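Worksheet: one structure, shown below.
Keep in mind that what you see is a predicted model, and the values were worked out from it rather than measured. Side-chain atoms are counted along with the backbone in the values below, which use heavy atoms only and exclude waters and symmetry mates.
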Amino acid sequence: MANNTHRLAFARMGSALLLVVAGLWAADLTPLGAFGPAPGPATVSAPHLKGLSAKAGRRITTVTIETSDPVAYLTNRPDPMTLLVDLREVDAAHAGQMVLEEEGIVAGASVEQTTGADGVRVARVRIRLTQPAAHQVRSKRNVI
């Protein structure tokens, strides 16, 4: 019987201690180092432009834009001879040397760093055409 009394007292003391620690944790009063160091800010590098190429077939010309990670993009057609592809939150610092020469109906393409309407960094691919043409945009993972 004495053995059961000790177990019961120990269980009550343990549950009371657990209740106190849970209350402090819920009130955010625990010391900072109590459960290990605080996680530091995550340093995530922005996706960057890896490649820009064009390939002309008999009936179709394909422009391929490759990034390091999948990114959101938006296309715009300001005039019949220009197609813009805005890659959101993409670093185009090293893409200054990426320029396409004439291939099929593509007169050329260039990359410029700009800011979107909402203040987000945007890498803009400006594709110039030799003649007005319809376009389709497709993407798969990190290739547009």
Pairs touching residues 55-65 that satisfy salt bridge (charged side-chain N to carboxylate O under 4.0 Å, His left out), sequence neighbours left out: none
Check against side-chain contact (heavy atoms from CB on, under 4.5 Å), Val85 and Ile65: CA-CA 9 Å; Val85 181; Ile65 304 167; 4.1 Å; yes
Same cluster (ILVMFWY, side-chain, under 4.5 Å), Leu84 and Val90: no
Under 3.5 Å: donor-acceptor pair, side chain of Thr130, backbone of Ile105: yes
Thr64 side chain near Val143 side chain, heavy-atom distance below 4.5 Å: yes
For Ala56, all residues meeting side-chain contact (heavy atoms from CB on, under 4.5 Å), sequence neighbours excluded: Thr61, Glu103
Contact check, side chains of Val63 and Ser53, non-hydrogen atoms, under 4.5 Å: no
Glu112: side-chain hydrogen bond (donor to acceptor under 3.5 Å, both in side chains) partners, not counting sequence neighbours: Arg126
Arg121: partners by side-chain hydrogen bond (donor to acceptor under 3.5 Å, both in side chains), with sequence neighbours left out: none
Linked, directly or transitively: Met81 and Val106 (ILVMFWY side chains, under 4.5 Å): no
Spatial distance of atom CG (Asp69) from atom CD (Glu89) [nearest 0.5 Å]: 11.5 Å
Contact check, side chains of Leu87 and Val122, non-hydrogen atoms, under 4.5 Å: no
Counterpart residues, side-chain contact (heavy atoms from CB on, under 4.5 Å), relative to Pro80 (two or more places apart): Pro132
Qualifying residues under salt bridge (charged side-chain N to carboxylate O under 4.0 Å, His left out), relative to Arg128, sequence neighbours excluded: none
Pairing residues for Val137 by the side-chain contact (heavy atoms from CB on, under 4.5 Å) criterion, not counting sequence neighbours: Tyr73, Thr75, His135, Ile144
Separation of Ser68 OG from Lys50 NZ (nearest 0.5 Å): 7.0 Å
Partner set under side-chain hydrogen bond (donor to acceptor under 3.5 Å, both in side chains) for Thr82, not counting sequence neighbours: Asp79
Under the side-chain contact (heavy atoms from CB on, under 4.5 Å) test, residues paired with Asn142 that sit two or more places apart: Glu66, Thr67, Pro70
Residue pairs passing the salt bridge (charged side-chain N to carboxylate O under 4.0 Å, His left out) test where at least one lies in residues 130-144, sequence neighbours excluded: none
Evaluation steps, side-chain contact (heavy atoms from CB on, under 4.5 Å), between Leu52 and Val111: CA-CA 9 Å; Leu52 183 63; Val111 180; 3.9 Å; yes
